[in-house]
Amino acid sequence: METLAPELLIKQKKEIIKDLPALENAENGVVMRLAPNPSGPLHIGHTRMAILNDEYVKRYGGKLIVRMEDTNPPTVLPEAYKMILEDLDWLGVKYHEVVNQSERFDIYYEYAEKILAAGHGYMCSCESEAWRKLKDEKKECPHRSTAPEVNLELWKKLLAGGFKVHEISMVVKTDINHPNPAVRDFVAMRMVEEPHPLTGTKYKVYPLYNFSVAIDDHLMGMTHVLRGKDHLNNTIRQIYVYDYMGWPKPVFIHYGWVSIEDTVLSTRQIKAAIGEGQYTGWDDVRLGTVSALARRGIAPGAIRQYWNDVGAKAVDIRFSWENLYAMNRDIIDNDAVRLFFVRDPHARPITGIEKLHSSAPLHPERPELGKREVNMEGDIEVWLTSEDLEMAKPGSILRLKDLGNFEIQGTELKYIGNDLDVLKKGAKIVHWVGPDSFDTEVLMPDGSRITGLAEKTTMYYLGKVVQFERFGFVKLDSASTNGRIIAYFANK
RNA sequence: GCUCCCGUAGUGUAGUGGCCAAUCAUGAAGCCCUCUCGAGGCUUCGACGCGGAUUCGAAUUCCGCCGGGAGCACCA
């Protein structure tokens, strides 16, 4: 066995792939959607809806539509359209169509008119605060009983530009006596003067979330709507539109709230902070954006597995970086080359030998990835981390990994052979770098920086995820012209 | 205040009346292995929020309580 198939002995990975629960009414394929607001790129929180929807579409076959919900010009970030799609691509999400709500206004107008004509909506010129107060008290506002013909006239006047901002809006009736205040009548269309990044000033009358979503979900043939629990009340409101129009309803699934600690996620905050130069950009490794995770060496497969594992139940959960990192480690461990990195390095001259040679595999389980060789001659000096040096008492023996055994003599290291038996006598294995190493700076997710020396070979793996032994997995980002390496910490 | 959702180990998760003195992953502790504090192997720790009811039998059903979360925008 060992000679025939050694890989079977080494890599018996526990491949327990947990399946998402089955979807109702999905036997004949599904149509699902991702409906991001293009106010910024995706962050770790958004990846749940992306992965879950993608997983189901892949499983049952069908179509995944990306629908940019860009109906509020002030919050639209023009670059976000592209960034979101790049994030999805990186995540391995297969979408079949991309549509922008900002280009579908004529459709929303058509349905607004139908709703008004049928008496299911009204044109309201109440001051918004007063209107809300009436709703709280389950009282109708004076416009709620306006005749459809009058409403239609007002609607036409609105479209023709006959009103100013905030002067009038179109409201969809639900049930003014509904026990749940979150569900009573909602504004469906309103005027916006700010130009839209995509359509400019072509339209002035904008739909609001619940209205455009209900219409689009139906028109685009959605069979399943899988979104967060925070939309529970929105679903109830949207169902009123379905019922007014006599549309069949998709299957609605609401997964629980995810609380993500220790991570900056607020698009608005990030945007402001980038402007102030506090972050280098949307992919600053301190952020929880998808691009930041990518930059840090988090594998898309780890994120996918994480959400698959969590599933789509309605329980509120805490996001666990620890669990994500464990999944990430599983994935990257196999390909990450092992290299030496010495933090807070201190030089130590070597005595007792003129020539030293080190040869070690780049990956302990994968000899095919090759070896790295180090040759040193003459007045040899190596660098060790202060942490190891503090532990080592004078006269004790250190095993410099893949190099040799050394006795501590003051600030010098005396070569005493290369026999691994010293390990059995309690010699400690430490990591080291030679004179041709590179200054390296590792940026940690918390914003701190760890500086040290990385061995020469590191330079050949720029752009890759590697393991700095006894330190952790890092993504080697770049090297400046003077040879300083910048790396980002992924996980231990 | 009103309404809704939820409640299994530290974190997630399986479990839909008996197979549960509760699954798996992650975590922690220990041992083995390994020239890494990684990987791998083994062992251990750790949970059904509480109280009633139904039942021969409940983590699974019902009621009450407690606890957590969300929504109540001319944001999405």
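A note on names: the letters A, B, ... follow the listed sequences, proteins ahead of strands, and every chain is numbered from 1.
- Minimum interatomic distance between A:E455 and A:S437 (heavy atoms only, all atoms of both residues): CA-CB, 4.2 Å.
- Residues passing the salt bridge (Lys or Arg N to Asp or Glu O under 4.0 Å) test with A:R190, sequence neighbours excluded: none.
- For the residue pair A:Y306 and A:N328, no side-chain donor N or O sits within less than 3.5 Å of a side-chain acceptor on the partner.
- Salt-bridge formation is detected for the pair A:K424/A:D421: a Lys NZ or Arg NE/NH1/NH2 atom is positioned less than 4.0 Å from an Asp or Glu carboxylate oxygen.
- Among A:R227, A:R33, A:M32, the single residue meeting the side-chain contact (heavy atoms from CB on, under 4.5 Å) criterion with A:N53 is A:M32.
- Comparing B:C48 with B:A21, their P atoms sit 14 Å apart, to the nearest whole Å.
- Scanning residues 312-322 of chain A for heavy-atom distances under 4.0 Å to RNA chain B yields A:K313, A:A314, A:V315, A:D316, A:I317, A:R318, A:S320, A:E322.
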message: What does the 5'-to-3' dot-bracket notation of RNA chain B look like when only Watson-Crick and G-U wobble pairs under 3.5 Å count, and pairs to other strands show as |?
response: ((((((((.[[[..)..(.....]]]((((((.......))))))...[[[[[..)....]]]]])))))))....
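- Within residues 68-83 of chain A, the residues having any heavy atom under 4.0 Å from RNA chain B are, by residue number, A:E69, A:T71, A:N72.
- By the 6.0 Å and 45° rule, A:R348 does not stack over the aromatic ring of A:F406.
- At a threshold of 4.0 Å, the pair A:R399-A:D419 does not count as salt-bridged, since none of the basic side-chain nitrogens sits closer than that to a carboxylate oxygen.
- Within residues 158-171 of chain A, the residues having any heavy atom closer than 4.0 Å to RNA chain B are, in order of number, A:H166.
- Partners of A:I176 under the side chain to side chain contact (heavy atoms under 4.5 Å, CB included) rule, at least two apart in sequence or in another chain, are A:K135, A:E140, A:R144, A:D185.
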